[in-house]
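Computed from a predicted structure; not experimentally measured.
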Amino acid sequence: MKAFNTTICNLVLALGLGSNLLSLPAAAQQSVPATAAQQQQACACFEVKVVGEGPAVILIPGLASSGEVWQSTVEALKADYQLHIFTLAGFAGVKPIPMQSWGEGYLALQHQAILRYISEQQLDKPVIIGHSLGGYLALALAADAPEHISAAINVDGLPALGAMLGQSNTQHTSQSTSKNTSENASQSTAGTGDSKPQPQRGGFDPVAMAKSMANNEQWQQRIVADMYRSDGQTSGRVFGELMRADLRPQLSNLRVPVLTLGALQHGAPYSTPEQVQKNYESQLANAPAAFHSFAFAHDSKHFIMADAPEWLNQHIQQFLSKQQG
């Protein structure tokens with residue numbers, strides 16, 4: 001587990017290394033094609049692209065990721081649903097929120113901003129689908145605001161990330177990594193107009209980190225590029241919040257259907273698929289079985305949309321169909 005802890009901490013360092021990195025292949029640079037798409041600046045908390053018509057579905061990416069990670073899911077769903085594709089503030093080129101405006105914190109701020117967006121856009125109890133950090137937010141909304149949403153899908157997110165790494169070092173890790181990332185970011189993001197990759201620090205290889213999160217080479221480039229387009233201070237501080245956060249007690253409040261999709265290769269080679277699945281089941285044990293279910297991608301790393309897109313979209317479509325039935 002020590003080696004796995006190091007991997008997680010290195011991810012935070014990677015998020016603060018620089019501003020822009022490499023040119024993505026043309027396929028990765030393209031926005032989701034759809035004639036009905038429209039760009040909305042709903043608030044300072046995120047940017048939103050709306051695609052398709054039908055029942056509303058909100059798609060939330062993870063830490064330092066663009067909404068374009070949902071491209072294959074958008075293609076699979078846009079004929080039947082109105083998709084609201086988020087990119088959160090501070091990530092993948094979206095302007096960060098001034099930290100003095102965070103109030104109780106970034107997670108709480110985004111939670112309220114999403115509810116405000118649902119109200120302002122007059123969405124009729126949308127389904128929330130989130131990956132990683134977005135999965136945490138999906139779980140939080142399902143637990144705390146079931147009257148505003150109809151269901152949620154958590155794609156490889158955890159309700160208590162710090163607990164997974166060990167309660168004894170949670171506080172130290174969250175504080176030290178956030179501090180180091182902020183210090184790195186203050187140096188590395190100063191030249192955000194420079195498209196050249198910033199030098200690696202401390203021998204860390206962000207490409208190696210991306211390889212630990214996805215098998216697909218093109219996706220690895222996309223992940224690294226999104227890291228470098230993200231604000232390092234935002235990434236580090238939000239990771240610190242996730243390390244301290246613990247939704248497990250609130251999960252007993254679930255009153256809407258929730259599906260958790262786990263990636264069993266996420267901990268490889270330091271954790272076996274059996275250990276990863278057991279950890280998921282333990283972390284979500286408080287969720288009532290009547291409202292919560294699991295499915296596991298056996299050969300996928302963290303970005304299931306990269307390693308098992310057909311599997312992911314099939315489970316999402318089946319879940320959504322049940323909610324419409």
Side-chain angles (χ1 to χ4, degrees), residues 11-24 28-32 37-51 58-71 74 83-121 128 130-134 136-137 177-198 206 222-242:
L11 171 58
V12 186
L13 295 177
L15 299 175
L17 289 179
S19 53
N20 295 308
L21 179 68
L22 37 99
S23 297
L24 289 176
Q29 294 187 51
Q30 293 174 355
S31 59
V32 177
Q38 56 178 339
Q39 190 70 31
Q40 298 182 8
Q41 183 66 42
C43 70
C45 292
F46 38 72
E47 287 184 356
V48 185
K49 179 179 289 185
V50 180
V51 179
I58 293 176
L59 296 160
I60 308 173
L63 185 74
S65 287
S66 162
E68 290 188 8
V69 300
W70 295 111
Q71 183 170 344
V74 169
L83 307 173
H84 298 252
I85 309 149
F86 283 34
T87 301
L88 302 182
F91 302 147
V94 176
K95 184 178 179 181
I97 306 168
M99 291 182 186
Q100 62 268 27
S101 303
W102 285 18
E104 296 180 6
Y106 187 94
L107 298 175
L109 185 65
Q110 289 292 0
H111 186 285
Q112 292 304 314
I114 294 166
L115 291 176
R116 185 169 62 249
Y117 179 84
I118 291 171
S119 175
E120 290 175 350
Q121 299 299 315
I128 309 295
H131 174 243
S132 194
L133 164 63
Y136 174 94
L137 289 171
T177 54
S178 298
K179 181 177 184 292
N180 290 340
T181 305
S182 297
E183 291 173 351
N184 286 341
S186 65
Q187 300 174 23
S188 62
T189 60
T192 54
D194 185 358
S195 61
K196 297 180 180 179
Q198 299 294 322
R222 174 185 293 189
I223 291 166
V224 172
D226 279 351
M227 285 183 187
Y228 276 90
R229 292 193 299 137
S230 298
D231 177 66
Q233 292 190 15
T234 298
S235 297
R237 288 176 182 264
V238 173
F239 184 88
E241 284 192 33
L242 283 170

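Among all heavy-atom pairs drawn from Asp226 and Ala92, the shortest one is OD1-CB, 3.8 Å. Of all heavy-atom pairs spanning Ala89 and Val94, the tightest one is CA-CG1, 3.7 Å. Contact detail for Gly62 and Ser132: the closest heavy-atom pair is CA-CB, 4.1 Å.
Taking NE2 of His84 as the start and CG of Leu59 as the end, the distance is 9.5 Å to the nearest 0.5 Å. For the atom pair NE2 of His111 and CG of Leu107, the computed distance is 10.0 Å after rounding to the nearest 0.5 Å. Atom-to-atom distance recorded for Ser66:OG and Phe91:CZ is 12.0 Å, nearest 0.5 angstrom. Leu242 contributes atom CG, which lies 7.0 Å from atom CG of Leu63 (distance to the nearest 0.5 angstrom). In this structure, CG in Leu83 is found 10.5 Å from CD1 in Ile58, a value given to the nearest 0.5 Å.
Considering only residues two or more places apart in sequence or on other chains, Leu109 meets the side chain to side chain contact (heavy atoms under 4.5 Å, CB included) condition with Cys45, Ile97, Trp102.
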Output, in order, the C-alpha distance, side-chain angles, deciding distance and verdict of side-chain contact (heavy atoms from CB on, under 4.5 Å) for Val74 and Gln71. CA-CA 5 Å; Val74 169; Gln71 183 170 344; 5.7 Å; no
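Not a single donor-acceptor pair under 3.5 Å links the side chain of Thr87 to the backbone N or O of Glu47. At distances below 3.5 Å, at least one donor-acceptor pair connects side-chain atoms of Arg222 with backbone N or O atoms of Glu68.
The aromatic rings of Phe46 and Phe86 sit tilted, their planes meeting at an angle between 30° and 60°.
Each of Thr234, Val238, Ile114, Leu137 was evaluated against Leu88; a single residue qualifies, Leu137, per the side-chain contact (heavy atoms from CB on, under 4.5 Å) test.
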